[in-house]
Structure formats: C-alpha cells, structure tokens
Protein chains: 2
Amino acid sequence: MGIQERKTRHKEDLRRRILEAAKKLFLTAGYEATSIRKIAKEIEFSPTTIYLYYKDKSDIIYALHQEGFQLLRQNFQPLMQVESPFERLKALGRCYIKFAFEHPDFYELMFVMKDPMEHLEINCVEASWEDGERVFDFLLRTVRDGQDQGYFKGLDATHVAMEAWASVHGMCALYVSGHLRSMMHVVFGDEDQERMIESAFRVLVHYLESTK
Amino acid sequence: MGIQERKTRHKEDLRRRILEAAKKLFLTAGYEATSIRKIAKEIEFSPTTIYLYYKDKSDIIYALHQEGFQLLRQNFQPLMQVESPFERLKALGRCYIKFAFEHPDFYELMFVMKDPMEHLEINCVEASWEDGERVFDFLLRTVRDGQDQGYFKGLDATHVAMEAWASVHGMCALYVSGHLRSMMHVVFGDEDQERMIESAFRVLVHYLESTK
DNA sequence: TTTAAAAAGTTAACACTGTTCACTATTTTT
DNA sequence: AAAAATAGTGAACAGTGTTAACTTTTTAAA
C-alpha cells in the first residue's frame, strides 16, 4: 500500500516538525519559553493539532530528552577507540563535562529536570531509563576494564562508577544551575568556572590514579 | 514611638505568616503547588496583599531558600565540635547527604533550582550567595585542617573541597531528581538508593583517606 | 472631634499556561 | 454519490504571576 505509506510518512513528518520547532524554541529561548502554543505558532498550526501527534507536553519534553542523549552518544563515539581503559575513563569524564558546557540546556533536560523521569514512570510500563543506562553502562565497562589493568583494587566497580558519575555530574549540575557562578567571585579566587571544574576534575583523576 | 513599633511588628507578622503558609504548601504539596493564589487562600487574604510584603514570587522562594540553609546549619552545628578534621569531614558529608534525604524539597530549592540564584543576580547588588558561601567555607576550613594533619598532600584545598562538594552534591542531586531511582532496577543490583549512595560515599572517603 | 492624609487590602483585569470538547473541513472508502 | 474515517480548529476551562484602579481602615493634624 504505497498511499498508506506516504500518508504515514506525512504524519511522521509533522511529528518531526513539531519536535524540531520545540527544539528550536528550547535551545534559543529556554525551557520556560517552550510552550505548546509557541510551538504551534512556530509550525503555523493550531495548538490543538500538537495533541494529535504528542500525548501531552511531557511527551515532547521526553522526546527532546532522547535527542539530547543521541547527541551525547555521538560525542562519546570516538572514545570507544581509546584502548587504555584509564585514558578512556579520563576522556569520558572530560567529554561529559564538555557536553554540559556546550549544551547546558540539554544537560539540564537530561540529568537535572524531574519531568522526563516522571514521564518515564507514568507512561512506560517497564519504567526503564534506557538512555541513562546505556551511558552508565559505558562508564561501568570502562571501570571494569580499568580493574583488569590493576586500577580500583578492592573496590566495587559499580560503586566506583557511581562515585565518578556523581562527582562529574555534581560539577556539571552546579554549573548549569548557576550555583557555581554565584560562588565564584567571593569564595574562589579569580579562576573562572571552567578552570575551577577542570581543577576539581584533576583532583578526581588523581584519586582514581592512586588506586593502582 | 511605641505605636510605630507595634505597627512594624504587625507588618513583620503578616510577612512571616505569608512565608509560613508558603513553607507549608511547599513541604506538603511541592513547588508547583506553591502559587501566590494558594498562599493567599491559606492565610485568608487577597492574592494582591502578598505583593505588599514580597516583591514577587521569586522573593518568597528565595526566603524559603534561606530558611532551608538555616535548617542545614542547625544540622551542621554539632559537627563543629568534632576535633579530628578527617572525622569532621566524613561527618560533614554524611550530614549533608542525610539532609538531602530528609528534606529533598529543601535540598532542591537550595542546590538545584535556578530560581533562587537568578533572584540573587537580579535583586542583590553584590550578588553574593552568602548562604552557599558559609557552607562551602566550613567545608574548606575542614579540608585545610585536614592538610595540617597530613591529608591531601600536594593538592589545593579549594580544589579538594570543590571535588568533595561536587561528588556529594552529585549523589544528592541524582537522588532528589529521580534519576538515580530510574536506574536502580536495571543497572544496579537489588541495593536501594540510600545504600547505593552510602557505598559511593565510602569510595569517596577511601580516596580522601588514601591521600595521607 | 472632625477632617485630611497615609496605609492596608481588594476587585477586576491582562496576558499567559496546558488541556479538552465539540465542531468543521477534507479525504478516503464503500 | 453517500458514508465513514481522518485531520485540523475555535472556544472554553481552570489555572498561573502580576498590575492598575479602587475601597476600606487607620493614623495624624487642624
């Protein structure tokens, strides 16, 4: 059925256009500005039309969340080829931080905002956060590879991975939320945020390195 | 002028009552449910009356943010007496995590949400986040005390403190946002969130300890 | 004590938000 | 050509923060 196919494609097309419009608004004007009505205006359709393609707003937000993970995985792609587990682990951390600095809105959507997680719990039967799991799994495997080389002796790989993730996420979260910025002037010296995080990350690497 | 004084007190009284109502709504029904109109209904005043005592909503949110820090400092109080710097550091971390688990809404308001930081940048000339600085300063002093005892050799105290804060904040942020929860079933074993964080924290302590 | 001024509080409205229901075109199938 | 399914819309509901104009209450002065 060629016609049916074309129709389906057309439908998928508008679904994509809605998401693209949402993405544009999200990246240029932020989360607050990404309203159903503004998305509708952007694609020149009625607000109610959106609901023919997405269940509700959180459905769109979640789709954007998934787009962010696609982008993050693209950034991770080259790291797969780094043979030294420890070098790979370091590169992974640096790449993660770089992503947060380059795409703070996406980072917030992916790792800070509650909405996508709530959407997951409500709409998905298995309630499994596949995107997050895939990223954590990459980290976990890298830690295990590191253990084969004598790193993290006597430590549980899951706990090491968790601690590393929390550590790097903490830095990124404090950056994207503006908490780090609000402390820079007074508490820290004249270092800027990026340098501060770089320094903190080096401390983490020092810890990891000294487990060998 | 006793009358003037009484008037001022009465005015301060209503200001307090507004904040108490906001706090009640915030803690029982969450941030979303804390609207100007609902606060007004709670204290049985018109919504516009609120604006006679607080500039806008973010002003109330910020006041609540400050209340949270008061509570956190109360929790920290007993730790001041711990003489061993390293033990104090460990207790500080545990206390911080405990606070996040016991008051997740406050934690989010204090360390995750952007609104209070934006309020700070807009309304305060010096734009200094005093509450955050005081907490970080306590951490920093503890790290420096630790250095006097031979810990963190060759490392900058500020960077060590930053890394430690980021690490613990990362755990708490992943908890309060629900990201940790969404990963528990599949990736980690049958451990629950609190145990997972406890384990990750122990890894951090292990790192810190091995710098001596 | 009456009157003018200042303070406190309210009503109605504006411009938004997500979402739903009833309706109208358009297209496809019978 | 008629019936049925699909696609899209307008109006409305119940909320949100916020402001301007108005009323009531309280205070201060004549």
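Proteins get letters first, then strands, A, B, ... in listed order; numbering begins at 1 in each.
Atom-to-atom distance recorded for B/Ile197:CD1 and B/Phe101:CZ is 3.5 Å, nearest 0.5 angstrom.
The distance from atom OH of A/Tyr51 to atom P of D/dC13 is 17 Å, rounded to the nearest whole Å. Rounded to an integer number of Å, the gap from B/Asp56 CG to D/dT18 P is 5 Å. At whole-Å resolution of the value, CD1 in B/Ile18 and C1' in D/dG17 are 15 Å apart. Between A/His119 atom NE2 and C/dG18 atom P the separation is 15 Å, expressed in whole Å. Put simply, CD1 on B/Ile61 is 13 Å from P on D/dT16, counting in whole angstrom units. In this structure, CD1 of B/Ile50 is placed 11 Å from P of D/dT18, rounded to the nearest angstrom. Separating the CD1 atom of A/Ile60 from the P atom of C/dG18 is a distance of 9 Å, rounded to the nearest angstrom. The interatomic distance linking A/Leu52 (CG) with C/dC23 (C1') rounds to 14 Å, in whole Å.
Under 4.0 Å is where a charged nitrogen must lie from a carboxylate oxygen, and between B/Arg202 and B/Glu198 at least one such pair does.
For B/His103 and B/Phe99, the ring centers are positioned less than 6.0 Å apart. Checked against the 6.0 Å centroid criterion, the rings of B/Trp129 and B/Phe69 qualify as a close aromatic pair. Here the two rings, on A/Phe138 and A/Tyr96, have centers that are 6.0 Å apart or farther.
Rounded to 10°, the angle separating the first-five-pair axis and the last-five-pair axis of the helix from C/dT1-D/dA30 to C/dT30-D/dA1 equals 30°.
The nucleotide whose nearest atom lies closest to any side-chain atom of B/Tyr53 is, among C/dG9, D/dG8, C/dG18, C/dG9.
A heavy atom lying under 4.0 Å from DNA chain C marks the following residues of residues 21-49 of chain B, by number: B/Arg37, B/Phe45, B/Ser46, B/Thr48, B/Thr49.
Contact record, A/Glu163 with A/Leu204: OE1-CD1, 3.8 Å, taken as the closest heavy-atom pair.
For A/Tyr31 and A/Asp115, the side-chain atoms include at least one donor-acceptor pair closer than 3.5 Å. Counting only N and O atoms by type, the side chains of A/Glu133 and A/Ser128 include no donor and acceptor under 3.5 Å apart.
The cationic group of A/Arg15 lies under 6.0 Å from the six-membered ring centre of A/Tyr54 and within 45° of the ring axis, placing it in a cation-pi geometry.
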